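Reviewing the structure listed below.
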Amino acid sequence: MLGLITATLAEADPVIHALKLKKIPAPFSYYKNEEHHLVVSGIGKCNAAAACGWLAQKASYTTSISTTSVAWLNFGIAGHPEAELGSSFFGHKITDNASGKVWYPHRINSDLPSTNLLTVDKPLDTYKPDQLHDMEASGFIEAGRKFSDAELVQTLKVVSDNSTHPLSEVNAKLAKTLIAENIESILHGIDTLKLLSKVVDSTDSAISVEIQKRWHFSVSQAIQLKRTLQRHRALLGELQDIPDPLQQAASSKEFLTLLQQTVDIAGSKL
Amino acid sequence: MIQTIYIEEEILDHPRVLSICDRFPKATTITCERYTSVFNSNSQNFRLQKKNPALILAKKYNKHVLPTPPGYGIGSDRNYYFSHMLNCLYDCRYCFLQGMFRSANYLVFVNYEDFFDQIETTASESSADDTWFFSGYDCDSLAMEPVTGFMNEAIDCFSSLKNAQLEIRTKSTQIRSLLNREPIPNCVVAFSFSPEKTANSLEHGVPSIQKRVNAMQRLQEKGWKTGIRLDPIVYSQTLQSDYAELLDHIFSAVEADRIHSASYGMFRLPKPFFRKMVRLYPEEKLFSAPLTEHKAQVSFGEEAESTSLSIVHSELLKYVEEQVIFPCK
Ligand code: SF4
């Protein structure tokens, strides 16, 4: 699953269309399809953090996906003193202007360039050198990292204003146009993140869900079951059906013992 | 190969930083105040980073030289290690670095002189001539040598330290700098090996056994002291034939009577490292083997260990003298 956070509907619109997302009634302006969930957070780092937290909670209650494998992308427009209007960058060093706190998102394999990104609480009179300027990234990254591995929490910004095209000229129409012009880059970023998140996906397999429906597992037993099924996958391949002797297990404890025995026997033959 | 380089602000103009960056003209450079904010930050995923590791250039302020853990060494009582680099170009699935570090980025400390000063000081604390210094504890000693040039300078340091011994431990074949200079008597280039089956399944990105054997042979011909390291031994039902085959392969090219030392040790990991590695690679066969937990360590258990160790010891004895064989505990 991929969580997309952006500040305004104008920025969201081209992505909503490209991914064919459907609007869902919610406290935030929320759009989704099976894999992608987009929240229009509103402007500012607190809004971005709140949207991130809200979506993570929602994912944990309404999907079978493990929240740690959710990838996150904050996209939108940003200012930069020198960069060309319409150029796009991942953020590789994100600084919160108010607190001075810094994050270094790992650069994921992507053809897009990356640069420094400064999150400000309100627009600055003059740009700081060599940085993108936005109002959401620091809140987003701090919140996103509470739920997912740091590599899966990324920002992608399109330059909307610079020293020659001031912020005062930026409006919803321009924001929408710039995002639309960069839709390929944004979709490429999304795909890269989705591939990465598959590596860490620890969502329960279908067989695990079925087993837990038939027998009651305590929290610690469920952890043991998960690990034993992983070992089964490593040594014998994915468990497809519940085999006969295990079908007869009178309790979750007996089920676990029998399954562990099967796996241990396979392991001892290594 | 390196797409991203983090550099500490303090060393932006350091000559080694400049020359390392010159090797990667297309890399994106990012400045940071201290390397720790990149390398040690929370919620990093080693496995994800290993897909595209960055290089971090930093300065190390203290603890350049540390005593080795007990049981690590080749016969001396005074054993130290130093790590000019943390993490490795290769990706051995059994490697404890995955469990120890949060980040898979390559961290290189560029203030080599401080390492050499501390080595000299440590060596001068004893009049004995068998103070050993081990390189390759937190990285592979030679894999990044073309980039760092550290070992070449370390050898310069040891060439004037007659009472200190250096072990350069490696799985790499980056031996050009060694071949381009005269050997020094107080340095052993020690190559790590696992049997073919283990190497193929667990040592990702590592040069083949044949290439390592060739490298060892060339170093021997040049007059360098060489060693063999069979650590970690991964238990298998075919251990005897696996190691017989491996040693036959090695000694078909390498001269046994010119082997300085051969050491071996079992696969063992501290529990927290093991747990982290399982979380990173839940589908890895090695971590699904019947391992046991004892005294905060995860291992194959006493019985499998003693059988394996005695098999490897006996196999080594077919080629080298008892006095150059050292078990690592
Ligand atoms: S070569 Fe050594 S340091 Fe490098 S990954 Fe393998 S075991 Fe670890």
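The sequence lines fix the lettering, A, B, ..., with proteins before strands; numbering per chain opens at 1. Only this structure's heavy atoms are used, side chains among them; waters, hydrogens and symmetry mates stay out. As the structure is a prediction and not an experimental result, all values here were calculated from the model.
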Please indicate whether [X] has more than 12 foreign heavy atoms, meaning atoms of other residues, nucleotides or ligands, lying under 6.0 Å from its [atom1].
X	atom1	result
Glu9(B)	CD	yes
Glu33(B)	CD	no
His204(B)	NE2	yes
Glu245(B)	CD	no
Lys271(B)	NZ	yes

Report summary line: Most heavy-atom pairs under 4.5 Å with chain A, out of Gln3(B), Glu283(B), Glu284(B), Lys285(B), belong to Lys285(B)
Query - For chain A, the option from Pro282(B), Ala289(B), Ala54(B), Ser236(B) that forms the most heavy-atom pairs under 4.5 Å - result: Pro282(B)
Can you name the closest pair of heavy atoms from [X] and [Y] and give their distance?
X	Y	result
Lys51(B)	Val199(A)	CE-CG2, 3.6 Å
Tyr6(B)	His106(A)	OH-CA, 4.3 Å
Asp149(A)	Asn45(B)	OD2-ND2, 2.8 Å
Lys269(A)	Gln237(B)	O-OE1, 3.9 Å
Ser37(B)	Tyr104(A)	OG-CE1, 3.6 Å

Report task. Evaluate side-chain contact (heavy atoms from CB on, under 4.5 Å) for His92(A) paired with Thr28(B), printing each intermediate quantity in order. Result -> CA-CA 10 Å; His92(A) 63 209; Thr28(B) 300; 3.5 Å; yes
To the nearest 0.5 Å, how far apart are [atom1] in [X] and [atom2] in [Y]?
X	Y	atom1	atom2	result
Asn105(B)	Arg107(A)	CG	CZ	11.5 Å
Thr31(B)	Lys93(A)	OG1	NZ	3.5 Å
Leu195(A)	Leu48(B)	CG	CG	11.5 Å

Requested in this report: Go through Val278(B) and Arg227(A) one step at a time and tell me if the side-chain contact (heavy atoms from CB on, under 4.5 Å) criterion holds.
Outcome: CA-CA 9 Å; Val278(B) 169; Arg227(A) 181 62 195 134; 3.3 Å; yes
Query raised in the report: Non-hydrogen atoms of chain A under 4.5 Å away: do they reach the side chain of Ser41(B), the backbone, both or neither?
Result: side chain
Query raised in the report: Quick one: do the Arg145(A) and Ser43(B) side chains pair a donor with an acceptor below 3.5 Å?
Result: no
Query raised in the report: Looking at Arg233(A), Arg231(A), His232(A), which hits side-chain contact (heavy atoms from CB on, under 4.5 Å) with Ser288(B)?
Result: Arg231(A)
